[in-house]
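Below: one structure, written as structure tokens.
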Amino acid sequence: MPQSMSAALPIGSEMITSKHTVQFYESDAFLVDAAGTYIGKGLRNGEAGIVLATKSHQAGIEERMRQDGLDIASARVRGQYITLDAADALATFMVDGSPDPKRFTEVFGNIIREASQRRSAVRIFGELVTLLCAVGNPSAAIRLEELWNRLGKSLDFSLFCTYPMRGFDGEVFEEDFRAICMQHSHVLPAESYSALTSQGERLLAITQLQQKANSLEFEIAMRKQAEYEHYRLAAIVESSNDAIVSKTLDGIITSWNQAAEVLFGYSEQEVIGKPITIIIPPDLQSEEKEIISKLRQGIRIQHFETVRLRKDGTSVDVSLSISPIKDGMGNIIGAAKIARDITERKELERRKDEFIGIASHELKTPVTVLKGFAQVLQRRFQSRDDPESLRFLTRMNTQLDKLTRLINELLDISKIQNGRLVYRMEKFDLLMLAQEIIENVQAALRSHHILLETATEAEVCIYGDRDRIGQVIMNLLTNAIKYSRGAERVIVRIMFDGELASLSVQDFGIGIDEAYHEKIFERFYQVTEPAEQTYPGLGIGLYFSREIIQRHQGRLCVQSRKGEGSTFTFSLPLASE
Ligand code: ADP
């Protein structure tokens, strides 16, 4: 029959009166003190004491009891004090990481029965469960606690377990912690709580802990939300068909998604920590400096078309969109780059250009021949009295001129594409050129009045290709007239300062929405909006004009708002003496 036993022992200010007590602790010193006090008190009362602890804890517990004046050696000889190394004790009943109930009952049943002979009670201090938790096996610890409880039903003993509080840091241990507490008839909080002596201090501590628990729960919820966002974004990045890469402001790669691996041929492990310049061709290395300088100013880069290098040394056409990455304080700390493979599109464009080049080249000869014959006929009919045929021939000639101009423009475009457009550079007066063109256009124009405003009568001397710059002025004038039906004026202004001359063409027509201000300079781009009237054209005039102006180290830009007319301005460096 089990003896009815109850141990009463002060630990800190706590009294252990229960059969199965758990004490949480923060420091080893406290653990040794608590266990030493618990076992020492039993020995002094003539009870048996069993210590299942690590070697160093055993030594500490015995030292503590010696200080209390107990003769440990004699108690051991009398069989009143029994010690077992915790790891050795575990080895006697653990099978495949779990306590075997039969072996456990056998081993400890015998030890306890032996110890309880001639003793009024048995006290056990054990840290077997602590070891199991320390090796990351809390479920075995819980199972072992159950076995102790079961053993306690047939044998009478008091068991004192200890767990380090730090072993339960982290939300994942919440369940285990609760389950361990549930296995004990008495739970003692760690020393920072039990050291508080007055009721007031304890209430205050509990209130503070409640507040802390609430704010931690809130923090955890926020963190989970942030984690969810993080994983959601990570999943989007990983599944994206575009390469997504991030880097520091020093150009060091910090992330590299699956599509980047496919596009550039480098695995994530190969490139993380490496400079982004490994995928930039040698002749384009300066791009990186420009990109970083823009990012530092917080400027986003959109659809920048360029070329990058693959691991195997081949190049790939890409369109880059790069945005600055900011920290919580708003400081720019890096950049996220999306690279889209535009090889196919480039190839299509190349084929289209090739087709346009060939087609216009093939058209040029027959049209020139036609034009020649039409002119001959026109001359012949001038001497004959057949005004109607002459009128038809004149109209034929005008249409052939239009066709020739169109073919020439298309040929020029393909020359630009191939870098074969030749510029004949000379010094010329921009003012005089503008006057000539305005006179020619005005001569055949009834609908608009072209006004020339200039602050000077003197020469505005430019070094460049006079015909090509003339083509630009002509394009701008033609557009101004074409897109301002019903308006009466177009104003051409010529200005210059110490270094630059500029020419602007202002109309009072349909205007251009800001969203299209850059697009209209792209090849074959025309603004088409559902309600918009259609205008004839190919969408190459502005592309061609900007190309020419840029080749002269100048700039061509637009100021316009929808419905309020447009002003196109180019500026060119003045010719030096
Ligand atoms: P297009 O032959 O179509 O005129 P451009 O390259 O000269 O080709 O112009 C491109 C597009 O820009 C035009 O289709 C038109 O939508 C717009 N655009 C050009 N100039 C003007 C202007 N003065 N006013 C309004 N829209 C203009």
Side-chain angles (χ1 to χ4, degrees), residues 303 349 352-353 356-357 359-360 363 399 401-417 421 434 437-438 440-442 444-445 447-453 467-494 502-552 554-571:
H303 312 301
E349 273 175 18
K352 190 172 72 184
D353 292 341
I356 290 170
S360 40
L363 282 171
Q399 292 306 316
D401 283 343
K402 272 194 186 170
L403 202 55
T404 312
R405 230 183 359 258
L406 191 68
I407 292 170
N408 283 339
E409 275 179 9
L410 287 173
L411 275 173
D412 282 346
I413 287 281
S414 70
K415 279 187 197 154
I416 285 182
Q417 288 310 115
L421 195 68
I437 294 172
I438 292 171
N440 289 343
V441 175
Q442 189 69 79
L445 185 72
S447 58
H448 293 72
H449 223 77
I450 308 174
L451 308 171
L452 176 63
E453 291 182 2
D467 290 346
R468 296 286 182 206
I469 300 291
Q471 261 177 293
V472 175
I473 302 173
M474 191 68 181
N475 274 337
L476 298 183
L477 263 182
T478 322
N479 279 349
I481 295 158
K482 185 162 75 173
Y483 297 106
S484 69
R485 251 175 242 165
E488 287 166 4
R489 294 175 301 156
V490 169
I491 305 174
V492 178
R493 291 188 183 86
I494 295 188
S502 55
L503 184 148
S504 66
V505 178
Q506 183 181 11
D507 67 60
F508 302 88
I510 60 170
I512 306 160
D513 191 288
E514 206 179 329
Y516 304 112
H517 282 192
E518 271 309 303
K519 291 228 150 260
I520 52 172
F521 292 99
E522 288 175 13
R523 250 182 329 156
F524 305 114
Y525 192 87
Q526 293 186 293
V527 180
T528 44
E529 282 178 9
E532 199 104 313
Q533 254 181 289
T534 51
Y535 296 88
L538 283 181
I540 51 177
L542 289 179
Y543 167 75
F544 190 58
S545 301
R546 183 173 262 188
E547 187 68 30
I548 292 173
I549 296 297
Q550 282 178 347
R551 279 309 190 96
H552 287 77
R555 285 185 63 216
L556 168 61
C557 52
V558 62
Q559 279 174 299
S560 181
R561 282 170 112 172
K562 185 128 188 74
E564 294 181 19
S566 312
T567 304
F568 284 84
T569 307
F570 68 77
S571 44

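Please read these numbers as outputs of a predicted model, since none were measured by experiment. Remember, it's 1-based here, ligands and their atoms both numbered in the order they're listed.
- Looking at heavy atoms from C-beta onward, Gln471 lies in side-chain contact with Asp412 at the 4.5 angstrom threshold.
- Residue Tyr525 approaches ligand 1 through these ligand atoms, each under 4.0 Å from one of its heavy atoms: 10 (C), 11 (C).
- Listed by number with element, the atoms of ligand 1 under 4.0 angstrom from any heavy atom of Lys482 are 1 (P), 2 (O), 4 (O).
- Remark: the backbone N or O of Ser414 is not paired with any side-chain donor or acceptor of Asp353 at under 3.5 angstrom.
- By the salt bridge (charged side-chain N to carboxylate O under 4.0 Å, His left out) test, Glu522 pairs with Lys519, sequence neighbours left out.
- Polar contact check, Ile512 against ligand 1: no nitrogen or oxygen pair lies under 3.5 Å apart.
- Of the possible donor and acceptor atoms, one in the side chain of Gln442 sits under 3.5 Å from a partner among the backbone N and O of Ile450.
- Heavy-atom contacts of Ile510 reach the following atoms of ligand 1: 25 (C) (cutoff under 4.0 Å).
- Under 4.0 angstrom from ligand 1, the non-hydrogen atoms of Phe568 all belong to its side chain.
- No donor-acceptor distance shorter than 3.5 angstrom exists from the side chain of His552 to the backbone of Ile469, with no hydrogens or angles considered.
- Proximity of Asn475 to ligand 1 is not established, as no heavy-atom distance is less than 4.0 Å.
- Of all the listed residues (Ile540, Ile520, Val558, Asn479), Ile520 holds the heavy atom that lies closest to atom 17 (C) of ligand 1.
- Using a 4.0 Å cut-off between heavy atoms, Leu538 contacts ligand 1 through its backbone alone, with no side-chain atom that close.
- Using a non-hydrogen distance threshold of 4.0 Å, Tyr516 does not register as a contact of ligand 1.
- With sequence neighbours excluded, the residues satisfying side-chain contact (heavy atoms from CB on, under 4.5 Å) with Thr404 are Val367, Asn408.
- Although no hydrogens or angles enter the test, the distance criterion places a donor-acceptor pair under 3.5 Å between the side chain of Arg546 and the main chain of Leu556.
- Ligand 1 lies within reach of Gly539, whose nearest heavy atom is under 4.0 Å from it.
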